[in-house]
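Here is the naming used below: chain letters follow the sequence lines, and residue numbers restart at 1 for every chain. Note that the structure is predicted; figures quoted are calculated from it, not measured.
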Amino acid sequence: MNEIEKQLAVIRQGVTEIIPETEFREKLKRSLSKNQPLRIKYGIDPTAPELHLGHSVPIRKLRDFQNLGHRVIFLVGDFTALIGDPTGRIETRPILSPEEIKQNLQTYQEQASKLLDLEKTEFVLNSTWLEKLNFKDVIKLTSSFTVAQILERDDFSQRYRNGNPISLQEFLYPLLQGYDSVALKSDVEIGATEQKFNLLAGRTLQEAFGMEKQVVITVPILEGTDGIRKMSKTYGNYIPVTATAGDMFGKIMSIPDNLMERYFRCLTSVPEEGIKEILSGHPKEAKEQLAFEITSFYHGKDSGRLAQSEFNRIFSQKNDPTEVTEWSYHAADKLQQIIHTLALNSLIPSISEGKRLLKNGGIKVNGAKVIDGEFILEPPNSYTIKVGKLLFLKLVYKQKP
RNA sequence: GGGUAGGUGGCGGAGCGGCCAAUCGCACCAGACUGUAAAUCUGGCGACCGGAAGGUCUUCGGAGGUUCAAAUCCUCCCCUGCCCA
């Protein structure tokens with residue numbers, strides 16, 4: 001197998017589409033013969049500066065490109081964030097200050113460092129060039145598209161059919177994203193399948209600007225922990241790449257069984273045959289394996305193993321975790337009532353919520369459910385408390401300073 | 001600009017003067033069960049006081065008004081869909 005085919009095989013793995021593959025092959029060929037790395041673009045909306053496993057799918061692909069010697073351009077869409085991606089109309093986005101942007105950029109770099117080789121990664125902000133466009137330029141961009149084309153985009157047509165509003169500025173989003181590709185002279189752009197239209201807009205505009213068109217690579221959209229909707233912070237079904245080992249492990253254990261295969265494919269390097277074999281075994285063990293693989297990828301094998309044993313300790317054997325956070329309580333009026341103490345420390349959202357929890361048997365003190373009424377903390381005793389499924393803490397008496 | 005239908009809790013969507021803190025579904029939380037924080041079943045799901053019974057406060061686009069009483073009626077305003085221009 002020659003080098004081109006070898007690279008192609010690596011890139012093809014796990015992707016949905018390469019549009020068009022022939023052009024991609026040509027680009028690879030040229031890159032190899034001229035010893036000139038391809039410019040691989042990946043863009044992200046900085047409104048929620050938290051990368052999660054859903055983002056990791058395309059980013060892992062970027063890593064493949066880096067390993068093959070290509071150049072990765074990680075674009076933070078600070079300017080386009082002002083418009084908002086049309087997928088889901090929310091209220092006007094707050095305008096980020098330069099400081100906030102700078103800060104966000106840094107957090108991206110930190111998070112991306114878990115997945116990418118930062119030495120080989122270029123971080124860019126699209127405000128750099130989009131801010132300079134004048135109205136004439138914008139009109140030029142719009143002339144490359146017709147309303148019908150834009151409206152054809154799935155989420156637009158759906159919203160239009162359902163009688164949901166579409167604001168005019170949203171029409172501009174794909175154009176701006178496409179112009180990013182012009183400004184960056186990208187050879188390849190990677191995104192999830194839902195981004196296909198936006199990614200293709202880059203091709204249209206590059207052509208309009210007399211450039212060679214980028215190749216579009218789409219990767220699957222990862223379902224979130226609910227197993228239904230795509231992983232997203234807004235749906236609250238996401239697993240951040242910065243999650244602690246324990247948290248990450250537990251969240252993965254909570255995915256529905258039928259999602260395991262997908263997660264193995266998109267989020268681990270376990271080869272195809274390995275996945276088959278694991279999935280043919282006991283589902284609980286398969287899921288533990290999955291959780292271990294992913295957790296270890298981000299936290300190292302030792303932490304992965306620890307997370308696994310803690311998980312079994314807490315949820316299978318129903319023991320307390322080996323380490324419990326300590327909180328102090330004082331002897332003052334209502335503070336001695338357990339619910340008030342918890343509420344005061346923001347460990348439960350409200351007193352009403354705490355009472356509900358208590359009524360449902362969701363509060364345990366020293367291993368026993370608190371059944372009737374308020375539990376009174378008696379100084380100077382210490383208590384091991386479990387609130388709900390996940391919160392363990394030790395309340396220690398402390399005299400008021 | 002004209003016509004018309006709407007704006008209700010995280011979302012979808014009932015209610016259309018008192019019994020509404022607001023049916024129901026999804027989501028979420030807890031308990032039971034289990035192979036897991038899966039699935040399933042049960043309960044809960046504005047805040048505050050109370051052990052409880054119960055009470056108080058703030059909510060149905062916004063501002064006023066009518067009424068003993070409004071998410072429900074009236075006035076003005078804001079926002080959105082659709083049709084026509």
Subject >> Proximity to RNA chain B (any heavy atom under 4.0 Å), residues of residues 299-327 of chain A only >> reply: A:F311, A:F315, A:S316, A:K318
Original post:
B:C33 C1' sits how many Å from A:K284 NZ, rounded?
Top reply: 15 Å
Original post:
Taking CD from A:E288 and P from B:U34, how many angstroms apart are they, rounded to a whole number?
Top reply: 18 Å
Original post:
If you take atom types as modelled and just measure distance, does the side chain of A:K364 reach the base of B:G31 with a donor-acceptor pair under 3.5 Å?
Top reply: no
**OP:** Compare the minimum distances between each of B:C82, B:A32, B:G81 and the side chain of A:Y160, then state the nucleotide with the smallest one.
**Re:** B:C82
**OP:** Indicate for each nucleotide in nucleotides 3-11 of chain B, in 5' to 3' sequence, whether protein heavy atoms under 4.0 Å reach the base (B), only the sugar-phosphate (S), or nothing (-).
**Re:** ---------
Original post:
What is the nucleic acid contact for A:S352, judged by heavy atoms within less than 4.0 Å: base, sugar-phosphate only, or nothing?
Top reply: base
**OP:** Give the rounded distance in Å between these two atoms: CG of A:L358 and C1' of B:G50.
**Re:** 14 Å
**OP:** Please state whether the rings of A:F65 and A:H70 are parallel, tilted or perpendicular, taking 30° and 60° as the class boundaries.
**Re:** perpendicular
**OP:** Please state how far atom CG in A:N237 lies from atom C1' in B:A38, giving the value in whole angstrom units.
**Re:** 15 Å
**OP:** Report the C-alpha distance between A:E207 and A:R203 in whole Å, list the side-chain angles of each, state the deciding distance to 0.1 Å, and finish with yes or no for salt bridge (charged side-chain N to carboxylate O under 4.0 Å, His left out).
**Re:** CA-CA 6 Å; A:E207 189 173 39; A:R203 283 172 63 81; over 6 Å; no
**OP:** Let me know, please, whether A:E353 or A:I255 comes out on the 5' side of the other along RNA chain B by nearest nucleotide.
**Re:** A:E353
Original post:
Closer to the 5' end of RNA chain B via nearest nucleotide, is it A:S254 or A:K355?
Top reply: A:S254
Original post:
Taking the six-membered ring where the residue is Trp, are the ring centres of A:F375 and A:Y383 under 6.0 Å apart?
Top reply: yes
**OP:** Classify the nucleic acid contact of A:P283 as base, sugar-phosphate or nothing, counting any heavy atom under 4.0 Å across all strands shown.
**Re:** base
**OP:** Give the rounded distance in Å between these two atoms: CZ of A:R262 and C1' of B:A38.
**Re:** 18 Å
Original post:
A:I239 CD1 to B:A37 C1': how many Å, rounded?
Top reply: 11 Å
Original post:
What class does the angle between the rings of A:Y108 and A:F74 fall in, given that below 30° is parallel, 30 to 60° is tilted and above 60° is perpendicular?
Top reply: tilted
Original post:
What nucleotide among B:C48, B:G51, B:U36 has an atom nearest to a side-chain atom of A:M253?
Top reply: B:U36
Original post:
Between B:C26 atom P and A:D226 atom CG, what is the distance in whole Å?
Top reply: 14 Å
**OP:** For A:K359, answer base if it contacts any base atom (sugar-phosphate contacts may also be present), sugar-phosphate if it contacts only those atoms, and nothing otherwise; contact means non-hydrogen atoms under 4.0 Å.
**Re:** nothing
**OP:** Please round to the nearest 0.5 Å and tell me the distance separating atom CD1 of A:I351 and atom CD of A:Q337.
**Re:** 9.0 Å
Subject >> base_contact_polar (B:G35 base, A:D257 side chain, donor-acceptor, <3.5 Å) >> reply: yes
Original post:
Within this structure, what is the CD1-to-C1' distance between A:I339 and B:C48, rounded to whole angstrom?
Top reply: 13 Å
Original post:
Using purine N1 to pyrimidine N3 plus N6-O4 or O6-N4 for Watson-Crick, or N1-O2 and O6-N3 for G-U wobble, each under 3.5 Å, what pairs with B:U34?
Top reply: none
